[in-house]
Amino acid sequence: MTSLDEELRGQPWIYPWRLRNGQDVRVANAELPSIHRTRAEMIEPRVRAALAEAGPDATALDLACNEGWFSHRLLEWGAAKVVSVDVREKNLQRAAIMRDHYGIAPEAMELRQLDVFAITPEDLGTFDVVLLLGLIYHVENPMGVLRLARGCTKDLCVVESQLTRQTEPVVHGLGQTGELHESLGSFAIQLERGDNSLASTGRVISLIPNRIAMKQMAEVAGFAHVEFATPHTDHNPQYVGGDRAVLFAS
Ligand SMILES: C[S@@+](CC[C@H](N)C(=O)[O-])C[C@H]1O[C@@H](n2cnc3c(N)ncnc32)[C@H](O)[C@@H]1O
């Protein structure tokens with residue numbers, strides 16, 4: 001297990017952690033703080049309300065937690081216990097370092113190294129709030145992850161994704177010769193080279209949905225109410241411009 005000091009000298013971080021001594025960590029790129037601030041501001045009111053509704057023993061699941069920054073937010077916003085899952089040992093080491101740095105008990109933030117494609121909802125249980133941020137566009141089977149999230153959600157699931165700009169339907173011949181169909185929901189393929197430590201492990205085809213596909217997937221996964229969060233004009237341009245979106249599914 002590495003120490004916080006060693007990690008601070010190592011690779012930059014993906015979240016803008018402010019340490020207890022006031023020091024800010026180095027982040028991997030200059031846009032990340034704005035992205036995380038935007039997501040947190042868009043998510044916080046709905047998540048706080050769902051956790052308050054669930055009461056003092058409210059639980060939350062952070063799927064693909066990376067360094068665990070949003071797991072900390074879930075505890076701040078009212079969860080009594082968070083389970084934080086990631087496939088990479090390195091990320092969970094950092095998550096453990098930050099959990100300990102802020103004096104959070106391991107029982108309040110349970111870190112589990114799991115591949116979301118190797119587990120079922122029964123392996124995790126159900127939670128009042130589930131966060132599924134930044135994952136569905138890094139995997140080959142976004143529906144599989146959404147079904148897992150649905151199976152683990154008691155009340156609210158927050159899904160966040162990059163989106164394509166495709167608004168025109170995609171025309172395809174499905175069925176008989178000469179028969180053409182239009183699909184409004186579509187995906188772009190991003191070929192991951194295998195060195196993207198944010199994507200699923202191995203050489204992956206990431207499927208990036210358009211806005212309609214993101215909504216359709218959540219509905220087909222079994223969520224009854226699905227609605228996009230509305231960004232403010234001063235939020236990160238990717239959200240304002242529609243290249244990323246936050247979806248509330250309940
Ligand atoms: C872009 S980061 C998103 C981190 C965080 N959820 C957020 O949005 O701030 C993607 C994360 O998904 C994790 N991940 C990728 N494939 C996974 C899988 N199959 N099972 C669990 N975690 C996975 C990566 O290790 C990485 O931490």
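As the structure lists them, so they are numbered: ligands from 1, and atoms in each ligand from 1.
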Same cluster (ILVMFWY, side-chain, under 4.5 Å), L148 and V83: yes
Would you mind checking which non-hydrogen protein atom is closest to atom 10 (C) of ligand 1, with the distance to 0.1 Å? L198 O, 3.2 Å
Specify the protein heavy atom at minimum distance from atom 22 (N) of ligand 1: its residue, its atom name, and the distance to 0.1 Å. V87 N, 3.2 Å
What are the atoms of ligand 1, with element, lying closer than 4.0 Å to any heavy atom of L114? 20 (N), 21 (C)
The atoms of ligand 1 lying under 4.0 Å from a heavy atom of N66, numbered in the order shown, are 4 (C), 26 (C), 27 (O)
For ligand 1, which atoms, with element, lie under 4.0 Å from some heavy atom of D115? 18 (C), 19 (N), 20 (N)
Crowding at CZ, R165 (>12 non-hydrogen neighbours, <6.0 Å): no
Is the closest heavy atom of R39 to ligand 1 under 4.0 Å? yes
What's the shortest distance from atom 20 (N) of ligand 1 to any protein heavy atom, and which residue and atom give it? V116 N, 3.0 Å
For atom 27 (O) of ligand 1, what's the nearest protein heavy-atom neighbour? Residue, atom name and distance, please. D86 OD2, 2.6 Å
NZ or CZ of R26 within 45° of W13 ring axis and under 6.0 Å: no
Short list, please: which atoms of ligand 1 are under 4.0 Å from a heavy atom of H138? 1 (C)
If you count the atoms of ligand 1 from 1 in the order shown, which ones are under 4.0 Å from a heavy atom of Y15? 4 (C), 5 (C), 7 (C), 9 (O)
For ligand 1, which atoms sit closer than 4.0 Å to a heavy atom of G134? 1 (C), 2 (S), 3 (C), 8 (O), 10 (C)
Using a strict threshold of under 4.0 Å (side-chain N to carboxylate O), is an ion pair present between R94 and E7? yes
Have a look at ligand 1 and work out which part of W69, if any, has a heavy atom under 4.0 Å from it: side chain, backbone, both or neither. neither
Using a 6.0 Å distance limit plus a 45 degree cone around the ring axis, check whether R20 lies over the aromatic ring of Y102. no
Nearest-0.5 Å distance, OG1 of residue T38 to OH of residue Y239: 7.0 Å
Could you pull out, from L32, V145, L135, V85, the option with a heavy atom nearest to atom 14 (N) of ligand 1? L135
Would a 4.5 Å heavy-atom cut-off, applied to side chains only, mark E44 and R73 as touching? no
Taking the six-membered ring for Trp and the single ring otherwise, decide whether the centroids of W77 and H72 are under 6.0 Å apart. no
Contact check: D62 vs ligand 1, nitrogen or oxygen atoms, below 3.5 angstrom: no
Salt bridge or not for E227 and R46, using N-O below 4.0 Å? yes
Atom 4 (C) of ligand 1: closest protein heavy atom, distance to 0.1 Å, is A64 O, 3.2 Å
So do S161 and I136 actually touch side chain to side chain, heavy atoms under 4.5 Å? yes
